[in-house]
Number of protein chains: 2
Amino acid sequence: MLNLIKDCVVKNTLKVERAKKNLTQADLAKLIMVSRQTIHAIESGKYVPSTVLALKIAHIFETTIEEVFELEESDWSK
Amino acid sequence: MLNLIKDCVVKNTLKVERAKKNLTQADLAKLIMVSRQTIHAIESGKYVPSTVLALKIAHIFETTIEEVFELEESDWSK
DNA sequence: GTAAAATGTAAAGTAAGGTTTACATTTGGA
DNA sequence: TCCAAATGTAAACCTTACTTTACATTTTAC
């Protein structure tokens with residue numbers, strides 16, 4: 001079975017949520033205990049965070065993972 | 001900065017949700033296009049799925065990731 | 001009680017998430 | 001304008017998620 005997950009595109013609203021709370025990338029990184037580069041990489045779509053990270057991020061923004069990370073429509077069937 | 005994420009414990013309700021929908025591990029695996037062993041590994045806590053997989057799993061069960069995957073209380077501060 | 005279905009387990013390999021260090025560029029305020 | 005803060009970028013490295021194949025054990029149905 002070939003890997004279809006890696007081809008899935010996930011959009012996120014990190015930058016906007018950060019703005020709402022007036023947090024810098026470094027602030028957010030510190031809050032969830034990861035490197036600033038990790039936040040940057042997620043925001044710029046370089047990669048999708050692990051579920052543990054996603055849980056923490058959604059928690060900080062007082063919302064759900066689904067609100068922050070959205071799987072592209074066409075990828076639900078992959 | 002050392003990696004704290006790997007030490008986080010995440011419980012999940014996959015087995016129960018599967019029972020509700022009367023799906024075998026193989027059924028679920030087929031629905032989200034992963035191997036049966038992947039489902040088994042997640043269910044038995046061997047590892048936490050990626051966010052993409054978690055999104056798909058929650059979607060199948062018509063719920064949210066937070067309902068299916070719960071970070072242990074003490075790990076929110078890690 | 002036996003066959004089939006479901007679940008458990010394991011090993012080797014690949015890809016993606018995340019780290020560290022380091023430096024370059026952009027933005028904003030005095 | 002100039003300094004500092006914020007953001008962007010990159011490379012080398014390690015860990016974990018997920019795959020494939022294969023076989024063992026447990027459950028379920030007849």
Side-chain angles (χ1 to χ4, degrees), chain A residues 1-60 65 68-72 75-78, chain B residues 1-60 65 68-72 75-78:
Chain A
M1 184 184 292
L2 68 171
N3 190 347
L4 295 169
I5 291 173
K6 64 165 191 277
D7 296 322
C8 291
V9 176
V10 175
K11 284 187 288 189
N12 73 74
T13 59
L14 261 194
K15 199 167 181 174
V16 171
E17 294 299 330
R18 227 169 23 79
K20 284 188 195 167
K21 294 235 172 228
N22 199 32
L23 294 171
T24 67
Q25 291 181 346
D27 290 337
L28 179 56
K30 200 169 184 182
L31 279 172
I32 62 180
M33 312 275 276
V34 296
S35 65
R36 179 181 64 79
Q37 286 80 350
T38 293
I39 301 299
H40 177 264
I42 294 168
E43 242 175 59
S44 63
K46 195 176 172 200
Y47 55 69
V48 179
S50 69
T51 294
V52 170
L53 260 193
L55 280 169
K56 289 185 174 187
I57 290 170
H59 190 248
I60 294 279
I65 293 182
V68 182
F69 299 94
E70 188 182 358
L71 188 56
E72 215 169 64
D75 291 338
W76 285 111
S77 49
K78 272 184 191 165
Chain B
M1 185 184 292
L2 68 173
N3 190 346
L4 296 169
I5 291 173
K6 64 166 191 279
D7 296 321
C8 290
V9 176
V10 175
K11 286 186 288 191
N12 73 74
T13 60
L14 261 193
K15 199 166 182 173
V16 172
E17 294 298 329
R18 233 175 11 88
K20 285 188 194 167
K21 294 236 171 227
N22 199 32
L23 294 171
T24 67
Q25 291 181 345
D27 290 338
L28 179 57
K30 200 170 185 183
L31 279 172
I32 61 179
M33 312 275 276
V34 296
S35 66
R36 179 181 64 79
Q37 286 79 351
T38 294
I39 301 299
H40 177 264
I42 294 168
E43 246 176 55
S44 63
K46 195 176 172 201
Y47 56 70
V48 180
S50 68
T51 295
V52 170
L53 259 194
L55 280 168
K56 289 185 175 186
I57 290 170
H59 190 247
I60 294 280
I65 293 182
V68 182
F69 298 94
E70 187 181 359
L71 188 56
E72 214 169 65
D75 290 339
W76 285 111
S77 50
K78 271 183 191 166

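Residue numbering restarts at 1 for every chain, and letters A, B, ... go by the order of the sequence lines.
Scanning all heavy atoms of the two residues, the minimum distance from B/I39 to B/Q25 falls at CG1-O, 3.8 Å. When all heavy atoms of B/T51 and A/P49 are compared, the closest pair comes out as OG1-O, 2.7 Å. Taking every heavy atom of both residues into account, A/K56 and A/I32 meet most closely at CB-CG2, 4.0 Å. Here the shortest heavy-atom pairing between B/I42 and B/N12 reads O-ND2, 3.0 Å.
The distance between atom CG of A/N22 and atom C1' of D/dT7, rounded to the nearest whole Å, is 15 Å. Protein atom NZ of B/K46 is 12 Å distant from nucleotide atom P of D/dT16, rounded to whole Å. Atom CD1 of B/I42 and atom C1' of C/dG8 are 15 Å apart (whole Å). In this structure, the OH atom of A/Y47 is 15 Å from the P atom of D/dT16, given to the nearest Å. Rounded to a whole Å, the CG atom of A/L53 is 14 Å from the C1' atom of D/dT15. The CG-C1' distance, from B/L23 to C/dA5, rounds to 15 Å in whole Å. The distance between atom NZ of B/K15 and atom P of D/dT27, rounded to the nearest whole Å, is 9 Å. One can place NZ of A/K30 at 15 Å from C1' of D/dA5, the figure rounded to the nearest angstrom.
The side chain of A/R36 lies closest to D/dG8, out of D/dG8, D/dA17, D/dC23. Which of D/dA17, D/dT7, C/dG17 sits closest to the side chain of A/V48 comes down to C/dG17. The listed nucleotides are D/dC18, C/dG18, C/dC23; the one nearest the side chain of A/P49 is C/dG18.
B/H40 has no side-chain polar atom (N or O) that falls below the 4.0 Å cut-off from OP1 or OP2 of C/dT7. Here B/R18 does not reach the OP1 or OP2 of C/dA6: none of its side-chain N or O atoms lies under 4.0 Å away. Phosphate proximity of D/dG8 to A/S44: absent, as no side-chain N or O sits under 4.0 Å from OP1 or OP2.
Heavy atoms of B/T24 sit under 4.0 angstrom from primed sugar atoms or phosphate atoms, though from no base atom.
In terms of polar N and O atoms assigned as donor or acceptor, the side chain of A/Q37 comes within less than 3.5 Å of the base of C/dT21 in a complementary pairing.
Nearest-nucleotide assignment on DNA chain C puts the 5′-proximal partner with B/Q25, out of A/T51 and B/Q25. Where A/I39 and B/E43 meet DNA chain C, the nucleotide closest to each residue was compared, and B/E43 sits on the side nearer the 5' end.
When atom types are taken as modelled, the side chain of A/S50 and the backbone of B/S50 share no donor-acceptor pair closer than 3.5 angstrom.
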